[in-house]
Engineer: 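This is the structure, below, for whatever I ask next.
Note that the structure is a prediction, hence the values are computed from the model and not measured.
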Amino acid sequence: QVRLVESGGDSVQAGGSLRLSCSVSGNIYTSYCMAWFRQAPGKQREGVAGIRSDGTTSYADSVKGRFTISMDGAKNTVYLQMNNLKPEDTAIYYCATVPRGCREFSLLVRSTYNYWGLGTQVTVSS
């Protein structure tokens, strides 16, 4: 069983920074992937950033250079550091994982993941 719990969402001004955390518990094996997705009102859930067990990362074009995904060495927490936030970043952010059998090219594809957190709200005002 795998459990993911997000935290760190908040309301910030444009240009500000925020770090989201996802607490991970359960059995994680080799070739795993972790990712952050977001969903704004009336829009589809989209992949933001993903990281594979070998260190490979992928980012949506809209966040490259501003967001960074990382994990601690014990795989207990996955982070999303968000800098220079923009109003269009406003969304509910979800963390997700597939504990085994993940491939790099699908890091930002929703169907890759089979465990999801319940989300944390990020609101950016200008």
Engineer: Begin with the C-alpha distance, continue with both residues' side-chain angles, and end with the deciding distance and a verdict on side chain to side chain contact (heavy atoms under 4.5 Å, CB included) for Y59 and T68.
Structural biologist: CA-CA 8 Å; Y59 296 92; T68 303; 3.7 Å; yes

Engineer: Using atom types as modelled and distance alone, determine if a side-chain donor or acceptor of Q39 lies under 3.5 Å from a backbone N or O of A91.
Structural biologist: no

Engineer: Quick check against the 3.5 Å criterion: does E6 have a side-chain atom that pairs as donor or acceptor with the backbone of T120?
Structural biologist: no

Engineer: Does V24 share a hydrophobic cluster with Y94, counting links as ILVMFWY side-chain heavy atoms below 4.5 Å and allowing steps through other members?
Structural biologist: no

Engineer: Are any side-chain N or O atoms of S53 and backbone N or O atoms of S31, one a donor and one an acceptor, separated by less than 3.5 Å?
Structural biologist: yes

Engineer: Quick check: is I28 connected to Y115 through a chain of hydrophobic side chains (ILVMFWY, heavy atoms under 4.5 Å apart)?
Structural biologist: yes

Engineer: Can you check whether M82 reaches L20 side chain to side chain, under 4.5 Å on heavy atoms?
Structural biologist: yes

Engineer: Search all heavy atoms of C33 against all heavy atoms of R52 and return the closest pair with its distance.
Structural biologist: SG-CG, 3.8 Å

Engineer: Linking I/L/V/M/F/W/Y whenever their side-chain heavy atoms sit closer than 4.5 Å, directly or via other members, would F37 and Y32 fall into one cluster?
Structural biologist: no

Engineer: Kindly give the heavy-atom pair with the smallest separation between V98 and N114, and that separation in Å.
Structural biologist: CA-OD1, 3.5 Å

Engineer: Salt bridge between K64 and D61, side-chain N to carboxylate O under 4.0 Å?
Structural biologist: yes

Engineer: Please report the closest heavy-atom contact between D54 and T56, naming both atoms and the distance.
Structural biologist: OD1-OG1, 2.8 Å

Engineer: Spell out, as yes or no, whether a donor-acceptor pair under 3.5 Å connects the side chain of Y79 to the backbone of D72.
Structural biologist: no

Engineer: Checking side chain to side chain contact (heavy atoms under 4.5 Å, CB included) for the pair Q81/S17: CA distance, chi angles, key distance, verdict?
Structural biologist: CA-CA 8 Å; Q81 178 66 48; S17 297; 4.1 Å; yes

Engineer: Passes ring pair (Phe, Tyr, Trp, His ring centres under 6.0 Å), W36 versus F67? Steps please.
Structural biologist: CA-CA 11 Å; W36 289 94; F67 291 10; 10.0 Å; no

Engineer: Is a donor on one side and an acceptor on the other found under 3.5 Å between the side chain of T90 and the backbone of V124?
Structural biologist: yes

Engineer: If I take atom OH from residue Y113 and atom CG from residue L4, how far apart are they, to the nearest 0.5 angstrom?
Structural biologist: 11.5 Å

Engineer: Do any N or O atoms from the side chain of T77 and from the backbone of S23 form a donor-acceptor pair under 3.5 angstrom?
Structural biologist: no

Engineer: Does V78 belong to the same Ile/Leu/Val/Met/Phe/Trp/Tyr cluster as V2, with side-chain heavy atoms less than 4.5 Å apart forming each link?
Structural biologist: yes

Engineer: So do the side chains of C102 and T112 get within less than 4.5 Å of each other, counting heavy atoms only?
Structural biologist: yes

Engineer: First locate atom CG of N76, then atom CE of M71, and finally report the distance between them rounded to the nearest 0.5 Å.
Structural biologist: 8.0 Å

Engineer: If I take atom CG from residue L118 and atom CZ from residue R3, how far apart are they, to the nearest 0.5 angstrom?
Structural biologist: 7.5 Å

Engineer: Has S58 got a side-chain atom pairing as donor or acceptor with L107's backbone, closer than 3.5 angstrom?
Structural biologist: no

Engineer: With rounding to the nearest 0.5 Å, note down the distance linking SG in C22 to CE in M34.
Structural biologist: 7.5 Å

Engineer: Would you confirm whether R38, through its side chain, and V48, through its main-chain N or O, come within 3.5 Å as a donor-acceptor pair?
Structural biologist: no

Engineer: Mind checking whether R110 and W116 have side chains closer than 4.5 Å, heavy atoms only?
Structural biologist: yes

Engineer: Atom CZ in R66, atom CG in L85: separation rounded to 0.5 Å?
Structural biologist: 6.5 Å

Engineer: To the closest 0.5 Å, what do you measure between CD1 (I51) and CG (L80)?
Structural biologist: 11.0 Å

